[in-house]
**Q** 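Here it is: the structure, laid out below.
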Amino acid sequence: MLSKISHLRSVLLLTIPVLPFLASCQTSPAAAVEGEYSLSAQSVQINGIIINMADWPGSSVSVAAVDDEAVTVTVDSLLLGFDTLTIPATAAGNGDSKYTFSGSYTGRDRDISLTGTVNKGVLSLSITDICTSPVTDRWKAAVADDGLADISLSFYSPLVSDIPYGDGGSIPVEDALVLINAALREAITPELANLGYVELTRTGYVGINWNGDISSEAEPLLQDVIQYWPEPEASRLHIYLRRTITDGMGLEISPLDAALAYSTSEGSLMLSLDRKTISPWLGAISNTVNSTTYEAYLEAGSPFGELSMEEFTRYRSMASLLVASLSMPDTELSLKVRMTPES
């Protein structure tokens with residue numbers, strides 16, 4: 001009996017020096033999740049919605065270990081407004097080939113948190129992306145003191161000094177803008193009566209409460225389809241349509257990203273469409289203007305009034321010049337719309 005106890009004691013004494021070595025050989029949670037991951041269908045949720053990976057070609061996630069539990073998670077081409085976002089995170093696991101990591105980021109008017117699960121080398125990702133910008137609210141079109149929509153158009157270009165007007169005549173751009181603004185506000189105000197509100201949600205979607213007639217093609221866009229994100233350092237508000245939507249609509253630009261200028265003051269939101277907003281579309285606009293025929297104009301119901309073929313040709317030439325001027329850095333364009341909170 002004593003010999004057996006002595007033998008067991010000898011084995012234990014020999015084992016003790018080996019224990020630290022065995023412990024050091026165990027894979028740490030950080031090391032277990034480290035790697036580069038491609039993202040497959042059904043593998044990513046953003047704000048509880050499984051996203052279509054066809055809208056995010058080339059997206060990926062890479063995880064780098066910092067120590068046994070700390071990691072950095074780099075998300076590429078997956079979050080609107082970020083080409084790449086690196087987030088510090090903490091990894092955990094029990095060594096059964098299933099590990100998790102979680103971390104968060106705050107900045108650029110966004111609160112972003114993510115949780116990843118790595119199971120036998122396959123990553124699934126859940127992201128919460130909340131907008132904290134002051135633009136997040138329900139907005140309605142503001143009305144000026146004269147009872148018309150608070151909208152204004154301004155334009156300047158060294159290429160354009162006069163605008164065709166009347167029977168073969170022209171007027172200075174400054175005088176034309178007075179007439180255009182008056183006509184624009186008169187035309188838009190009745191239409192805006194159908195707009196209940198535009199909501200910029202905390203989850204990054206645009207909701208439109210519209211009470212008027214709408215086409216069957218446009219109606220699906222009213223809720224949880226159009227997305228947005230703020231770019232506060234540039235005072236830009238990006239309105240975004242995903243690739244699968246724009247491709248389905250047959251748009252030349254896919255995906256669509258319209259970067260509106262914005263500012264907030266005294267409870268109002270001012271949105272501005274300017275030269276930077278439309279610069280990605282100049283080629284498509286130019287092609288449309290130059291390819292439009294007089295017959296096509298008539299078939300469309302003469303949207304700018306009855307014009308003779310000579311008048312149409314003059315206006316089309318001027319429109320082509322206006323579009324060309326927008327590619328010049330000295331050209332200034334701004335269509336401003338003021339919004340107020342929906343009560």
**Q** For D247 and S254, which I'm curious about, is there any donor-acceptor pair between the side chains at under 3.5 Å?
**A**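 Their side chains do contain a donor-acceptor pair, which is all the 3.5 Å distance test asks for.
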**Q** Quick check against the 3.5 Å criterion: does D150 have a side-chain atom that pairs as donor or acceptor with the backbone of A144?
**A**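 No; zero donor-acceptor contacts below 3.5 Å.
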**Q** May I ask you to test the R110-T132 pair for a side-chain heavy-atom distance under 4.5 Å?
**A**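 Answer no - side chains too far apart.
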**Q** Passes side-chain hydrogen bond (donor to acceptor under 3.5 Å, both in side chains), S124 versus S43? Steps please.
**A** CA-CA 5 Å; S124 58; S43 67; over 6 Å; no
**Q** Contact between L153 and I180 at the side-chain level, heavy atoms closer than 4.5 Å - yes or no?
**A**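 Yes, close enough: below the 4.5 Å cut-off.
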**Q** Are L333 and I285 grouped together when hydrophobic residues (ILVMFWY) are joined by side-chain heavy atoms under 4.5 angstrom apart?
**A**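 Yes, L333 and I285 fall within the same hydrophobic cluster.
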**Q** Can you confirm whether L159 sits close enough to T331 that some side-chain heavy atom of one is under 4.5 Å from a side-chain heavy atom of the other?
**A**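 The answer is no; the side chains never approach within 4.5 Å.
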**Q** Looking just at side-chain N and O atoms, do R338 and S268 make a donor-acceptor pair shorter than 3.5 Å?
**A**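 Indeed, the side chains of R338 and S268 share at least one donor-acceptor pair under 3.5 Å.
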**Q** Which atom pair, heavy atoms only, marks the closest approach of L195 to I208?
**A**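 Nearest pair, atom of L195 first, then I208: CD1-CG2, 3.9 Å.
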**Q** To check you understand the geometry: which heavy-atom pair defines the closest contact between P341 and D137, and what is its length?
**A**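 Distance-wise, the nearest heavy atoms are CB-OD2, 4.3 Å.
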**Q** In plain terms, say whether D274 and R236 are close enough for a salt bridge, that is, a side-chain N and a carboxylate O under 4.0 Å apart.
**A**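 Looking at D274 and R236, the cut-off is met.
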**Q** CD of E199 to CG of L222: how many Å apart, nearest 0.5 Å?
**A**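 Taking CD in E199 and CG in L222, the distance rounds to 13.0 Å.
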**Q** Give, for atom CD of E174 and atom OG of S154, the distance between the pair rounded to the nearest 0.5 Å.
**A**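 One gets 11.5 Å once the value is rounded to the nearest 0.5 Å.
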**Q** Do I127 and L80 belong together in a cluster built from hydrophobic side chains that touch within less than 4.5 Å?
**A**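 Linked within one cluster.
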**Q** Quick one, M249 with L221, criterion side chain to side chain contact (heavy atoms under 4.5 Å, CB included). Give me CA distance, side-chain angles, the key distance, then yes/no.
**A** CA-CA 11 Å; M249 296 171 65; L221 300 178; 4.3 Å; yes
**Q** With a 3.5 Å distance limit and no angle check, can you tell me whether S291 reaches the backbone of N287 through a side-chain donor-acceptor pair?
**A**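 Side chain of S291 to backbone of N287, a donor-acceptor pair under 3.5 Å: yes, one is there.
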**Q** Please report the shortest heavy-atom distance between V206 and V198, naming the atom on each side.
**A**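 Where V206 meets V198 most closely, the heavy atoms are CG1-CG1, 3.9 Å.
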**Q** Any side-chain heavy atom of Y99 sitting closer than 4.5 Å to one from N119?
**A**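 Contact flag for Y99/N119 side chains = no.
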**Q** Which atom pair, heavy atoms only, marks the closest approach of T277 to A259?
**A**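 Reported closest heavy-atom pair: OG1-O, 2.8 Å.
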**Q** Is there a side-chain contact between Y240 and Y228 in this structure, where contact means two heavy atoms from C-beta onward sitting under 4.5 Å apart?
**A**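 Y240 vs Y228: side chains apart.
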**Q** Please report the interatomic distance OG(S60) to OH(Y37), rounded to the nearest 0.5 Å.
**A**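 One gets 12.0 Å once the value is rounded to the nearest 0.5 Å.
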**Q** Going by ring-ring contact (aromatic ring centres under 6.0 Å, His included), name the pairs with one or both residues in residues 247-303, residues two or more places apart or in two chains.
**A**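 Output for this query lists Y294-F312, Y297-F312.
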**Q** Would a single hydrophobic cluster contain both I245 and Y205, if residues Ile, Leu, Val, Met, Phe, Trp and Tyr are joined by side-chain heavy-atom contacts under 4.5 Å?
**A**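 Different clusters.
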**Q** Is a side-chain donor or acceptor of E34 paired with a backbone partner of A65 at a separation under 3.5 angstrom?
**A**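 Yes: the side chain of E34 pairs with the backbone of A65.
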**Q** Any Lys/Arg nitrogen of E342 or K140 sitting under 4.0 Å from an Asp/Glu carboxylate oxygen of the other?
**A**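 Looking at E342 and K140, the cut-off is not met.
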**Q** Can any side-chain N or O of R314 pair as donor or acceptor with the backbone N or O of G169 at less than 3.5 Å?
**A**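 Yes.
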**Q** Determine whether L322 and F155 satisfy the following criterion, side chain to side chain contact (heavy atoms under 4.5 Å, CB included), listing intermediate values before the conclusion.
**A** CA-CA 10 Å; L322 288 171; F155 174 81; 3.6 Å; yes
**Q** Indicate, with yes or no, if L271 and L192 share a hydrophobic cluster defined by side-chain heavy-atom contacts under 4.5 Å among Ile, Leu, Val, Met, Phe, Trp and Tyr.
**A**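 Per the 4.5 Å side-chain linkage, L192 and L271 are co-clustered.
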**Q** Which heavy atom of L307 sits nearest a heavy atom of E311, and at what distance?
**A**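 That would be CA-OE1, 3.4 Å.
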**Q** Under the criterion side chain to side chain contact (heavy atoms under 4.5 Å, CB included), I'd like the reasoning laid out for I130 against T203: C-alpha separation, chi angles, the key distance, then a yes or no.
**A** CA-CA 5 Å; I130 301 300; T203 55; 4.2 Å; yes
**Q** Just wondering, do I151 and L335 contact through their side chains at under 4.5 Å, heavy atoms?
**A**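 Counting from C-beta outward, L335 and I151 do come under 4.5 Å.
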**Q** Do I188 and W210 belong to the same hydrophobic cluster, where Ile, Leu, Val, Met, Phe, Trp and Tyr are linked whenever their side-chain heavy atoms lie under 4.5 Å apart, directly or via other members?
**A**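 I188 clusters together with W210.
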**Q** Would you say CD of E252 has more than 12 non-hydrogen atoms from neighbouring residues, nucleotides or ligands within 6.0 angstrom?
**A**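 No, because the 6.0 Å sphere around CD of E252 holds 12 heavy atoms or fewer from other groups.
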**Q** Passes side chain to side chain contact (heavy atoms under 4.5 Å, CB included), V160 versus L321? Steps please.
**A** CA-CA 8 Å; V160 183; L321 179 61; 4.0 Å; yes
**Q** Could you check whether atom CZ of F82 has more than 12 heavy atoms from other residues, nucleotides or ligands sitting under 6.0 Å from it?
**A**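 Yes, because the 6.0 Å sphere around CZ of F82 holds more than 12 heavy atoms from other groups.
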**Q** Is a salt bridge present between R108 and E233, judged by a nitrogen-to-oxygen distance below 4.0 Å?
**A**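 Looking at E233 together with R108, the answer is yes, because their closest N to O distance falls below 4.0 Å.
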**Q** So does T136 get a backbone contact from the side chain of S133, meaning a donor-acceptor N/O pair under 3.5 Å?
**A**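 Pair absent, no side-chain N/O of S133 close to backbone of T136.
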**Q** For the residue pair L237 and E231, establish whether any side-chain heavy-atom pair is separated by less than 4.5 Å.
**A**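 With C-beta onward as the side chain, the pair stays apart.
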**Q** Please confirm whether the backbone N or O of G283 pairs with a side-chain atom of S286, one donor and one acceptor, at under 3.5 Å?
**A**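 Judged by distance alone, no pair lies under 3.5 Å.
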**Q** Please name the pair of heavy atoms, one in M53 and one in L39, separated by the smallest distance, quoted to 0.1 Å.
**A**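 For M53 and L39, the tightest heavy-atom pair comes out as CE-CB, 3.6 Å.
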**Q** Between R185 and D146, does any NZ, NE, NH1 or NH2 come within less than 4.0 Å of an OD or OE carboxylate oxygen?
**A**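 Yes, D146 and R185 are salt-bridged.
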**Q** Determine whether a donor-acceptor pair (N or O, by modelled atom type, separation under 3.5 Å) exists between the side chain of D175 and the backbone of I171.
**A**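 Absent.
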**Q** Does T115 have any side-chain contact (heavy atoms from CB on, under 4.5 Å) partners at least two apart in sequence or in another chain, and if so, which?
**A**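 With sequence neighbours excluded, T115 shows a side-chain contact (heavy atoms from CB on, under 4.5 Å) to S102, given in chain and number order.
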**Q** Side-chain contact test, heavy atoms from C-beta onward, threshold under 4.5 Å: evaluate it for L200 versus M339 and give yes or no.
**A**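 Not touching, per the 4.5 Å side-chain cut-off.
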**Q** Judged by modelled atom types alone, do D55 and T244 share a side-chain donor-acceptor pair under 3.5 Å?
**A**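 Their side chains do contain a donor-acceptor pair, which is all the 3.5 Å distance test asks for.
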